[in-house]
Amino acid sequence: MAQRLAKFMARTGVCSRREAEAYILQGRVSVNGKIVETPAFNVEGNEVVLFDGEKLKEPERTRLWLYYKPVGLVTTHKDEKNRDTVFAALPPTMPRVISVGRLDLNSEGLLLLTNNGDLSRELELPQNAWSRRYRVRVHGKVEEEKLSALSKGVVIDGVSYGKVLIAIEQKTGTNTWLSVTLNEGKNREIRKLMAFIGLEVARLIRISYGPFQLGNLKKGEVKEVPLKVLKEQLGGRFEL
């Protein structure tokens with residue numbers, strides 16, 4: 001069955017569909033030896049598709065993995081500063097995958113990985129309301145009225161941040177553990193929100209993404225979600 005070239009590329013796990021469209025316009029994709037100039041190009045799936053001169057593998061069934069990202073890794077395939085990356089740290093038995101969103105260099109915890117760029121996009125879209133929950137240790141004076149203000153949404157440097165659920169878990173001197181739940185996941189969102197109310201983030205751990213939980217994964221460990229569980233958790237919202 002014919003499908004858009006960008007969709008085919010996303011299914012191979014090389015990138016998201018949106019990224020594939022951009023790569024096609026940049027002249028980085030060829031089909032049967034000819035550079036494709038427009039995303040409005042269909043393939044049957046049996047063609048020789050090259051991305052940056054490398055042949056793309058045929059799409060596998062959609063798969064999803066849970067990964068405990070340690071501090072000190074960046075969530076990118078190539079880093080301009082030559083820092084250690086998540087994807088270089090994965091076991092060599094893993095297929096090529098992309099991440100569902102990102103965790104910054106100094107954050108840790110649950111990172112979802114998939115071989116299907118369309119699934120990555122589905123899980124990232126704010127309108128699909130996949131909540132992310134974090135344990136956050138902060139330094140400074142925690143004032144509940146300021147936390148409450150964040151829960152209603154704020155604007156910081158012209159950027160609007162939606163409602164955030166925050167609960168105090170534990171206080172020890174000037175250190176406080178917070179439980180933070182949000183649905184958007186903008187770049188460094190929690191760190192910016194905490195700084196806005198005068199708190200410094202000392203540790204940030206993502207413990208869940210939608211129905212998927214960090215559980216007892218150890219740092220650097222990766223675990224595939226069984227197909228049956230994946231179907232149950234997606235609840236028919238995505239065609240596997």
Side-chain angles (χ1 to χ4, degrees), residues 1-24 28-32 36 39-69 75-78 85-103 109-125 127-132 185 206 208-217 220-240:
M1 180 183 294
Q3 60 184 310
R4 291 293 193 192
L5 175 57
K7 181 177 181 180
F8 174 83
M9 291 177 65
R11 286 286 290 106
T12 68
V14 72
C15 59
S16 70
R17 194 183 305 196
R18 180 176 295 180
E19 289 170 332
E21 291 172 349
Y23 296 150
I24 292 168
R28 298 169 63 182
V29 184
S30 68
V31 175
N32 291 339
V36 179
F41 188 95
N42 289 343
V43 293
E44 295 289 340
N46 56 358
E47 298 87 347
V48 176
V49 180
L50 303 184
F51 171 53
D52 286 345
E54 181 179 345
K55 183 179 178 180
L56 298 184
K57 297 179 180 179
E58 292 186 7
E60 298 181 345
R61 72 164 180 84
T62 297
R63 301 167 72 186
L64 185 74
W65 289 263
L66 313 178
Y67 173 64
Y68 191 139
K69 176 201 168 298
T75 312
T76 182
H77 282 277
K78 295 181 181 179
T85 72
V86 163
F87 301 100
L90 293 174
T93 54
M94 287 280 291
R96 183 179 178 88
V97 292
I98 59 176
S99 64
V100 178
R102 297 189 176 195
L103 284 173
L110 181 62
L111 184 67
L112 300 181
L113 305 170
T114 179
N115 64 342
N116 186 333
D118 283 345
L119 177 59
S120 174
R121 181 66 176 161
E122 171 75 15
L123 296 176
E124 288 174 353
L125 287 173
Q127 57 263 39
N128 290 336
W130 291 92
S131 63
R132 294 86 152 156
R206 182 155 66 195
S208 69
Y209 194 114
F212 305 105
Q213 307 288 323
L214 182 63
N216 58 2
L217 277 181
E221 188 176 0
V222 61
K223 178 181 178 181
E224 184 170 1
V225 177
L227 180 59
K228 179 181 177 181
V229 175
L230 185 57
K231 288 180 176 180
E232 291 172 350
Q233 300 295 1
L234 294 178
R237 296 168 63 173
F238 186 85
E239 183 179 350
L240 296 174

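From a predicted model like this one, the values you see are computed outputs, not experimental measurements. FYI, the numbering just counts along the sequence from 1.
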Item to check | Test log, rule side chain to side chain contact (heavy atoms under 4.5 Å, CB included), inputs Tyr23 and Val14 | outcome: CA-CA 11 Å; Tyr23 296 150; Val14 72; over 6 Å; no
Checklist entry - Does the pair Thr62 and Arg11 meet the rule for a side chain to side chain contact (heavy atoms under 4.5 Å, CB included), with working shown? => result CA-CA 8 Å; Thr62 297; Arg11 286 286 290 106; 3.7 Å; yes
Checklist entry - Going through the distances and angles, do Asn216 and Tyr68 end up as a side chain to side chain contact (heavy atoms under 4.5 Å, CB included)? => result CA-CA 10 Å; Asn216 58 2; Tyr68 191 139; over 6 Å; no
Item to check | Leu64 vs Asn116, side chain to side chain contact (heavy atoms under 4.5 Å, CB included): CA-CA, chis, key distance, verdict | outcome: CA-CA 8 Å; Leu64 185 74; Asn116 186 333; over 6 Å; no
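The closest side-chain heavy-atom distance from Val100 to Leu119 is not below 4.5 Å. By the 4.5 Å heavy-atom criterion applied to side chains, Arg121 and Arg17 are not counted as neighbours. When side chains are defined from C-beta on, Ile98 counts as touching Thr114, because their heavy atoms get closer than 4.5 Å. Two residues are said to be in side-chain contact when any heavy atoms from C-beta on lie closer than 4.5 Å; Tyr67 and Val86 meet this criterion. Side-chain atoms of Thr12 and Arg96, non-hydrogen and from C-beta on, never get closer than 4.5 Å to each other.
Annotation: the span from Arg63 atom CZ to Leu227 atom CG amounts to 10.0 Å, rounded to 0.5 Å. The OG atom of Ser208 sits 11.0 Å away from the CG atom of Leu66 when rounded to the nearest 0.5 Å. Here Leu214 contributes atom CG and Lys223 contributes atom NZ; the two are 10.5 Å apart, rounded to the nearest 0.5 Å. Atom OG of Ser16 is separated from atom CD of Glu122 by 13.5 Å, given to the nearest 0.5 angstrom. Considering CG of Leu230 and CD of Glu224, their distance stands at 9.0 Å, rounded to 0.5 Å.
Judged purely by atom type and a 3.5 angstrom limit, Arg132 uses its side chain to pair as donor or acceptor with the backbone of Trp130. Looking only at distances, no side-chain donor or acceptor of Ser99 sits under 3.5 Å from a matching main-chain atom of Arg102. The backbone N or O of Leu110 lies less than 3.5 Å from a partner atom in the side chain of Arg206, making a donor-acceptor pair. A distance-only check finds a donor-acceptor pair linking the side chain of Asn115 to the backbone of Arg61 [under 3.5 Å].
Residues Asp118 and Ala10 come closest through the heavy atom pair OD1-CB, 3.8 Å. Residues Glu124 and Gly101 approach most closely at OE2-N, 2.6 Å, considering heavy atoms. Summarising the geometry of Asn42 relative to Ala2, their closest heavy-atom pair is CB-CB, 4.3 Å, with the distance given to 0.1 Å.
With Trp65 as the fixed residue, the side chain to side chain contact (heavy atoms under 4.5 Å, CB included) test singles out one of Leu90, Leu112, Val97, Val225: Val97.
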Without placing hydrogens or testing angles, list every side-chain donor-acceptor pair under 3.5 Å for residues 46-55, not counting sequence neighbours.
| from | atom 1 | to | atom 2 | distance (Å) |
| --- | --- | --- | --- | --- |
| Glu47 | OE1 | Glu44 | N | 3.2 |
| Glu47 | OE1 | Gly45 | N | 2.8 |
| Glu47 | OE2 | Glu44 | N | 2.7 |
| Asp52 | OD1 | Arg28 | NE | 2.9 |
| Asp52 | OD2 | Arg28 | NE | 3.4 |
| Asp52 | OD2 | Arg28 | NH2 | 2.6 |

